Each structure stands twice: as C-alpha cells, then as structure tokens.
Protein chains: 2
Amino acid sequence: MPGGRPRSFDADAALDRALEVFWRQGYEGTSLSDLTAAMRINRPSLYATFGNKEELFGKALARYADGPAAHAGEALEASTGREVVERLIRGAVELTTGDDTPHGCLAVNSVHACGPDSTPVRHKAVAHRKAAEVALRRRLEQATDLPPGYQPDTLARLVHTITDGIAVQAVSGRGRDELRHVADLALRALFG
Amino acid sequence: MPGGRPRSFDADAALDRALEVFWRQGYEGTSLSDLTAAMRINRPSLYATFGNKEELFGKALARYADGPAAHAGEALEASTGREVVERLIRGAVELTTGDDTPHGCLAVNSVHACGPDSTPVRHKAVAHRKAAEVALRRRLEQATDLPPGYQPDTLARLVHTITDGIAVQAVSGRGRDELRHVADLALRALFG
DNA sequence: TCGATTTTATACCTTCCGGTACAAAACTAG
DNA sequence: CTAGTTTTGTACCGGAAGGTATAAAATCGA
C-alpha cells in the first residue's frame with residue numbers, strides 16, 4: 001500500500017551533521033538555515049523527518065551519548081574505582097579536544113543554552129547529566145579501592161566537576177596536550 | 001557651557017542590573033527588551049550611555065570582575081600557595097551558588113555564547129579567563145609550599161578546571177552545600 | 001526669555017528567526 | 001496509464017531581534 005516518493009537522503013548521516021553543528025555552535029547559536037545547510041536537506045524535510053528544532057536536538061543529544069561520548073558509559077565497566085575515574089577523566093580530554101570534532105562537550109554547552117525558548121533543551125541536558133552522575137555514584141559505591149574517607153557520592157560529583165571543567169577549558173582554547181597534563185595531575189592528586 | 005537635560009537614572013545602578021541579566025540569561029539569551037526592562041531605561045538611553053549591546057556586555061564583565069568575582073583577584077594575596085588555591089576554590093562555590101545572585105559564573109557562561117554575532121563576546125571572555133590563569137600561574141611560581149612534583153602551570157590550570165567545573169555544576173542545579181563538600185574533597189586530594 | 005544642548009519617549013526600520021502552505025516530482029499498487 | 005501517497009523545492013507567514021530617526025521635554029548660559 002505505501003507508495004510515495006523515496007527519501008533522497010540518509011537520515012542517520014543527516015543527524016550526524018546536525019549533531020556536529022549543535023556541538024560546535026550550541027542550540028541557540030544554530031539556526032534552521034545552519035542546520036539545513038549542514039544536513040543538505042531542505043526545511044520541510046527536516047520537519048517531516050525530525051519533528052522540529054527541539055526534537056532534532058534531543059535526537060542529536062541521544063546520538064552524542066551513544067557515539068562520541070560513549071566512553072562515559074563504558075568507563076563504568078572498568079574493574080576498579082580508580083580505573084573508572086581515570087577513564088572518565090582521560091576520556092573527557094580526548095572527547096573535548098578532538099581534531100575532527102568540535103572542542104568542548106555538547107552536554108556542558110547545552111546546559112548554558114539561555115533564553116526563554118531553550119528551557120526544554122537545558123532541562124534535557126540537565127537530566128542527561130544527572131543520570132550520568134547517578135550511574136557513576138552507584139558504580140563507585142561498589143568500589144573497594146577508594147582511598148579512605150572518599151565518599152562515593154562526593155567523589156562522583158568531584159569527578160564530574162573535573163570533567164565539566166575540562167570541557168570548559170577545551171572550549172576556551174586549551175589544547176589537548178595541556179589538558180592531558182591537567183588530567184595527569186588530577187589523577188595523581190586523587191589517587192596518589 | 002554644557003546645558004542639556006539631566007540624565008534621569010543612575011548609570012552604575014543600571015549597569016548592575018544589566019550585569020544581573022547577562023549573568024542569569026547569557027549574552028545571546030538576553031534581548032534588548034530584557035535589558036531595558038531590567039535597567040528601567042529606554043533603548044536610546046542605553047545606546048547613548050553604553051554604546052551597544054556588545055559594549056554594554058564588556059562593561060558588565062569588567063564590573064563582574066571587580067565586584068561579585070573580586071575574590072579571584074584577592075585570593076592571590078594569600079600568603080601560601082595552598083591558601084591561594086583554597087580561597088579560589090571555596091570562593092567559586094560561594095560565587096556561583098549565591099542566594100541573591102544567578103547561579104553559575106558569568107565568565108564561564110559567556111565562553112559558551114554561540115552564534116556568529118557573539119564571537120567578540122566569546123573572545124572577551126576567553127581573554128579575561130586567560131589573564132586570570134596567567135596571574136595564578138605567576139603567583140604559584142612564587143609559592144614554596146606546593147607538594148613535590150606539582151608544577152605551577154599545570155596546577156594553575158587544574159585549579160581553574162575545577163572552578164570552571166564548579167560553575168557548570170552550579171548552573172546544572174547543584175546546591176551550595178553539595179559543592180562545599182566537593183570543594184572539601186578537592187582540596188583534600190590536592191593538599192592532603 | 002531666548003537659543004543651544006542633551007536626554008527622553010515613541011515609533012519605526014531592516015533583517016533574521018522558527019515554522020508552514022502549496023504545488024510539482026517521484027515513487028508503488030493495480 | 002492511472003490513482004494514491006509521500007517527499008521535494010520554493011515561497012511565504014507572523015513575530016522578534018538589534019538598532020535608529022525624530023520630535024518633545026528639561027536643563028544650561030546669556
């Protein structure tokens with residue numbers, strides 16, 4: 001029964017391009033014209049396929065978590081608490097200072113989306129971050145190798161504070177090598 | 001010789017209100033209507049007194065550094081490296097989680113101002129942050145109480161990474177008490 | 001009181017925003 | 001080939017953005 005003109009573009013590839021633009025320019029800083037130009041589709045196709053700008057962003061954020069930022073989830077599978085933390089911090093440096101990707105972190109950038117209309121986007125980003133923090137805390141509660149006196153919930157928040165800071169440094173122009181040294185020092189301070 | 005109708009508002013007070021709005025809503029998220037409403041002046045008065053939106057932001061950022069964020073400069077006067085770092089980190093928590101001020105840090109928020117027209121604003125914020133980092137590095141080079149192996153430049157960057165992360169956590173909804181515990185743990189990790 | 005000068009208030013300008021109506025094009029089923 | 005369906009391209013909509021022209025209002029020196 002369904003005939004219809006076939007879609008002339010790859011929706012997944014288009015979503016990847018949208019992700020790239022949102023990551024580089026932020027939600028508010030990205031106009032529909034920016035999106036359609038990057039995705040190589042026209043406006044009605046975007047709306048028919050992805051809903052609207054806000055829904056498109058939501059899908060881009062989900063893709064970000066499963067793709068470029070997948071290390072954050074995988075890090076929790078490491079066998080020791082220390083290695084979990086190390087993978088998160090070192091992974092943040094690599095993620096936010098890539099040569100072929102925008103600098104900074106989409107989730108951190110999106111928390112700073114301002115203006116009345118971007119409130120739902122900010123909430124999405126906050127929810128995503130909160131979920132990551134809960135998962136890390138749960139994982140650290142299982143760890144037996146934390147230095148004495150380190151509480152899992154506070155350590156989880158400190159680790160995310162450091163990875164958030166790394167993202168800010170990366171958008172501020174700090175290079176990968178410099179941030180690797182920062183990560184080295186942070187890990188040394190945390191675990192000796 | 002100069003006659004002329006007298007100005008009917010306090011320019012400093014108006015600038016403080018503009019700072020408040022930029023801090024809470026970001027550069028791009030703040031419209032001229034938001035500004036004139038908050039400052040209780042009309043549009044031509046804003047342009048005659050402060051130039052344009054971008055110049056107004058520059059003056060608000062300078063006021064931020066001398067006012068709410070003055071602790072960052074004063075911290076460098078502490079007598080030991082450790083106390084310098086402690087004042088910076090604890091000061092960041094208090095600054096970014098104030099009851100009567102917006103949460104987060106204006107300089108960190110502004111680094112995330114996106115879109116083509118806000119490039120100069122981002123550059124202003126980056127320059128401001130870079131100057132602060134140089135000053136901290138210089139100060140830590142004078143310190144004699146750093147733990148062995150801590151290089152002043154890397155430590156300065158790590159400290160700013162942590163304060164940046166605190167600002168991100170604050171805009172993400174983390175409360176003052178929680179961030180105080182994070183600061184405690186960070187300082188304990190850094191200095192034992 | 002009378003110009004000269006500066007600020008006020010209103011109303012407007014251009015441009016771009018996110019979002020959509022509509023018709024031509026490209027396909028499948030019969 | 002036709003009927004039905006979906007996507008494509010273009011052109012447009014209302015609204016809000018940053019910024020400004022203009023004239024009334026309020027002060028000064030003379």
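Quick caveat: nothing in here was measured; it's all calculated off a predicted structure. Lettering of chains follows the sequences in order, A, B, ..., and the numbering in each one begins at 1.
Distance A:Gln25 CD to C:dC17 P: 11 Å, rounded to the nearest Å. Spacing between atom CG of B:Leu56 and atom C1' of D:dG19 amounts to 14 Å, rounded to whole angstrom units. If you take CG of B:Asp34 and C1' of D:dG19, they are 16 Å apart, rounded to a whole angstrom. Nucleotide C:dT28 holds its C1' atom 17 Å from the CZ atom of A:Arg7, rounded to whole Å. Summarising the geometry, the separation between CG on B:Leu46 and P on C:dT7 is reported as 13 Å, rounded to the nearest angstrom. Atom CD in B:Glu55 sits roughly 15 Å away from atom P in D:dG18 (whole-Å rounding). For A:Phe22 and C:dG18, the CZ to C1' distance is 12 Å, given to the nearest whole Å. We find that CZ of B:Phe50 is positioned 15 Å from C1' of C:dT8, with the value rounded to whole Å.
The side-chain tip of B:Lys53 does not point at the ring of B:Tyr47 from less than 6.0 angstrom away and within 45° of straight on. Cation-pi geometry between A:Arg7 and A:Phe9 is satisfied (NZ or CZ under 6.0 Å from the ring centre, within 45° of the ring normal).
Put simply, the side chain of B:Arg43 and the base of D:dG19 share a donor and an acceptor less than 3.5 Å apart.
Within the 4.0 Å cut-off from OP1 or OP2 of D:dA17, at least one side-chain nitrogen or oxygen of B:Ser31 is found. Contact annotation: A:Ser8 side-chain N/O to D:dT7 OP1/OP2 distance is not under 4.0 Å. Between D:dG9 and A:Asn42, a contact under 4.0 Å exists linking OP1 or OP2 to a side-chain N or O.
The aromatic rings of A:Tyr27 and A:Phe22 lie parallel to each other, their planes meeting at an angle below 30°, with 60° marking the opposite boundary. Note: A:Trp23 and A:Tyr64 have perpendicular aromatic rings, judged against thresholds of 30 and 60 degrees for the angle between ring planes.
The nucleotide whose nearest atom lies closest to any side-chain atom of A:Asn52 is, among C:dG19, D:dT8, D:dA17, C:dG19.
When the nearest nucleotides of DNA chain D are assigned to B:Arg5 and B:Leu32 by heavy-atom distance, the more 5′-ward of the two goes with B:Leu32. Nearest-nucleotide assignment on DNA chain C puts the 5′-proximal partner with B:Ile41, out of B:Ile41 and A:Lys53.
Across all strands, A:Thr30 comes closer than 4.0 Å only to sugar-phosphate atoms, never to a base (heavy-atom distances). At the heavy-atom level, A:Thr36 lies nowhere under 4.0 Å from the strands shown. Counting any heavy atom pair closer than 4.0 Å across all strands shown, A:Pro6 reaches sugar-phosphate atoms only and no base atom. Residue A:Asp117 is out of contact with every strand shown, counting any heavy-atom pair closer than 4.0 Å.
To the nearest 0.5 Å, the span separating CD1 on B:Ile89 from CD1 on B:Ile166 amounts to 6.0 Å.
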